[in-house]
Protein chains: 2
Amino acid sequence: MTALPKPEAEAARGAAPAGRNLLFLREEELRLAQDLLFFGYRDFTAGADAILAELGMGRAHHRVLHFVGRRPGITVGELLGILAITKQSLGRVLTPLVDEGYVTQETGRSDRRQRLLSLTPKGAALERRLYDRQRETVMAAYREAGPQAVEGFRRVMRGLMGRDARAALARLEAKDGEAVP
Amino acid sequence: MTALPKPEAEAARGAAPAGRNLLFLREEELRLAQDLLFFGYRDFTAGADAILAELGMGRAHHRVLHFVGRRPGITVGELLGILAITKQSLGRVLTPLVDEGYVTQETGRSDRRQRLLSLTPKGAALERRLYDRQRETVMAAYREAGPQAVEGFRRVMRGLMGRDARAALARLEAKDGEAVP
DNA sequence: CGTAATGGGTCAGCATCGTTGACGCTTTTC
DNA sequence: GAAAAGCGTCAACGATGCTGACCCATTACG
């Protein structure tokens, strides 16, 4: 347990002194959560961002590579649902990825309107490079925190997610062919 | 190259890991971490983003309100160090916040070059509104996950942070006047 | 069979938030 | 008195979102 809350600090800054320390504790807990999420997420993405920048790409490209890699054969519509962005926003990232040979589009067999997306070897290689970079960061954090902390981390992150995100994640985790309503 | 089976998904959900599935398990663990951070962070910020959008502001405004609220009297330089953005990027967000009466600038007493930033009542009110919105999300996740999970979450998030972020966080958590080198 | 709906692509324009580079002003330090 | 530090600002650019409006191919349906 590091960094216990400091009621004196708040008192010094002109808030209520004693008595409602319980409330303060919660307040400080949540402030800390905000800080942790800001700093943690930023540094989690920093490594991959640096690699992407060298290639003239951004985080949005990585997201596409990641989710296409996770679900080869995913349709454009499904990808839009996961990313929760507009078709136009996706297009600006996806089209160059296809043009430059990172992603392939294959016409759907059962529905020929669909474009099934997959990574090319080139795309898979880049995705792995980005993955490996983030892997270092995450593995270091996991090792440092311990397995029990990892489980807690997962539970809290899952709890932060809304209905749609949970459904999307369930679909991602599901085995192929397994129905997830 | 379509519809690969996903043994790692199965293993990750508790089936007996056969042979060298350990490697797969790690891979799937990290893929899951990437997903959780993406979805979790997005939904964590979604509520506040909606409020900000109504006011013609963005996430960057929130960050300023948050950190100025956390350290009243913070200098511009310190804020830049925390946010890790350029002076120009901060300026585009900070200047309007000052002009519209959310943040005050006070000339430093010991060093008159400094501009000490604080929230006005108006700024504090908005910051609290944003805080309350995120509070709902985080408290729900915390309750759902349980106190032990919360501790684990904190440990992992802290582990994701790099040196600079850890130092910045330590400074934020420190009592006023307490030296943090 | 013909029309409507769906999946996907694209053009045009706009906003936010980040960047670099360059300059100017005030104040402190040496 | 000159150098350095803290801050502000102009200009231009890039990545990532958004809306609105169309278009095309294909599928679904009456």
**Student:** For nucleotides 24-30 of chain C, read 5' to 3', which letter fits each nucleotide if B means a protein heavy atom sits under 4.0 Å from the base, S means only the sugar-phosphate is that close, and - means neither?
**Tutor:** --BBS--
**Student:** Ignoring hydrogens and geometry beyond distance, is the side chain of A:Gln88 in donor-acceptor contact with the base of C:dG8 at under 3.5 Å?
**Tutor:** no
**Student:** Any chance the side chains of A:His62 and A:Asp49 put a donor and an acceptor closer than 3.5 Å?
**Tutor:**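 No - no donor-acceptor pair under 3.5 Å links their side chains.
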**Student:** Please report, rounded to the nearest Å, how far the P atom of C:dC11 is from the CG atom of A:Leu90.
**Tutor:** 15 Å
**Student:** To the nearest Å, how far apart are A:Gln114 CD and C:dT6 C1'?
**Tutor:**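 That distance rounds to 10 Å.
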**Student:** Going by number, which of residues 45-60 of chain B have a non-hydrogen atom under 4.0 Å from DNA chain C?
**Tutor:** B:Gly56, B:Gly58, B:Arg59, B:Ala60
**Student:** Which pairs pass side chain to side chain donor-acceptor pair (under 3.5 Å) with one or both residues in residues 137-150 of chain A, sequence neighbours excluded?
**Tutor:**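 Non-adjacent pairs meeting side chain to side chain donor-acceptor pair (under 3.5 Å): A:Glu144-B:Arg166.
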**Student:** Using the C1' atoms of the five pairs at each end, what is the angle between the end axes of the helix from C:dC1-D:dG30 to C:dC30-D:dG1, to 10°?
**Tutor:**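 Rounded value for the end-axis angle: 20°.
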**Student:** At less than 4.0 Å, is any side-chain N or O atom of B:Ser89 found next to OP1 or OP2 of C:dC17? Yes or no.
**Tutor:**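 For C:dC17, OP1/OP2 do not have a side-chain N/O of B:Ser89 under 4.0 Å.
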**Student:** Run the side chain to side chain contact (heavy atoms under 4.5 Å, CB included) test against A:Asp132 and tell me which residues pass, sequence neighbours left out.
**Tutor:** A:Arg128, A:Arg135
**Student:** Rounded to whole Å, how long is the line connecting atom CG of A:Leu94 with atom P of C:dG7?
**Tutor:** 17 Å
**Student:** For B:Asp43, give me all partners under side chain to side chain contact (heavy atoms under 4.5 Å, CB included), at least two apart in sequence or on another chain.
**Tutor:**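 By the side chain to side chain contact (heavy atoms under 4.5 Å, CB included) rule, B:Asp43 matches A:Met161, A:Ala165.
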**Student:** Kindly give the heavy-atom pair with the smallest separation between B:Ala174 and B:Arg71, and that separation in Å.
**Tutor:** O-NH1, 3.0 Å
**Student:** Identify whether any heavy atom of B:Gly77 sits under 4.0 Å from a base atom; if not, whether one sits that close to sugar-phosphate; answer base, sugar-phosphate or nothing.
**Tutor:**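 Sugar-phosphate contact only - B:Gly77 comes under 4.0 Å of backbone atoms but never of a base.
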**Student:** Have a look at B:Glu78 and say if it touches a base, only the backbone sugar-phosphate, or nothing, with a 4.0 Å heavy-atom cut-off.
**Tutor:**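 B:Glu78: no heavy atom of the nucleic acid under 4.0 Å.
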**Student:** Report, one line per pair, each donor and acceptor closer than 3.5 Å where one atom sits in a side chain of residues 149-160 of chain A; sequence neighbours left out.
**Tutor:**
| residue | atom | partner | partner atom | Å |
| --- | --- | --- | --- | --- |
| A:Arg155 | NE | B:Ala145 | O | 3.2 |
| A:Arg155 | NH2 | B:Ala145 | O | 3.3 |
| A:Arg158 | NH1 | A:Glu173 | OE1 | 3.4 |

**Student:** Using side chain to side chain contact (heavy atoms under 4.5 Å, CB included), reason through B:Ile82 and A:Phe39 one step at a time and then give a plain yes or no.
**Tutor:** CA-CA 9 Å; B:Ile82 289 171; A:Phe39 290 121; 3.8 Å; yes
**Student:** For residues 102-110 of chain B, which side-chain N or O atoms pair as donor and acceptor with protein atoms under 3.5 Å away, sequence neighbours left out?
**Tutor:**
| residue | atom | partner | partner atom | Å |
| --- | --- | --- | --- | --- |
| B:Thr104 | OG1 | B:Ser118 | O | 3.3 |
| B:Glu106 | OE2 | B:Arg109 | NH1 | 2.9 |

**Student:** Does A:Lys87 use its side chain to pair, donor to acceptor, with the backbone of A:Val76 at less than 3.5 Å?
**Tutor:**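 No; judged by distance alone, with no hydrogens or angles, the pair does not exist.
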**Student:** Let me know, please, whether A:Val93 or B:Arg92 comes out on the 5' side of the other along DNA chain D by nearest nucleotide.
**Tutor:** B:Arg92
**Student:** Identify, with sequence neighbours excluded, every residue that meets ring-ring contact (aromatic ring centres under 6.0 Å, His included) alongside B:Tyr41.
**Tutor:**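 B:Tyr41: ring-ring contact (aromatic ring centres under 6.0 Å, His included) contacts with A:Tyr41.
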**Student:** The criterion is side chain to side chain contact (heavy atoms under 4.5 Å, CB included); which residues satisfy it with A:Glu78, sequence neighbours excluded?
**Tutor:**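 A:Glu78 satisfies side chain to side chain contact (heavy atoms under 4.5 Å, CB included) with A:Ile74, A:Thr75 once adjacent residues are dropped.
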**Student:** Of all nucleotides in DNA chain D that come within under 4.0 Å of a heavy atom of chain B, which is furthest toward the 5' end and which toward the 3' end?
**Tutor:**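 For DNA chain D, the relevant span reads D:dA5 to D:dC10.
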**Student:** In this structure, would A:Tyr131 and B:Leu32 fall into the same cluster of hydrophobic residues linked by side-chain contacts under 4.5 Å?
**Tutor:**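 They do share one cluster, since a chain of ILVMFWY contacts under 4.5 Å joins A:Tyr131 to B:Leu32.
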**Student:** Could you list the residues that satisfy ring-ring contact (aromatic ring centres under 6.0 Å, His included) with A:Phe38, not counting sequence neighbours?
**Tutor:**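 If we apply the ring-ring contact (aromatic ring centres under 6.0 Å, His included) test to A:Phe38, skipping adjacent residues, the hits are B:Phe67.
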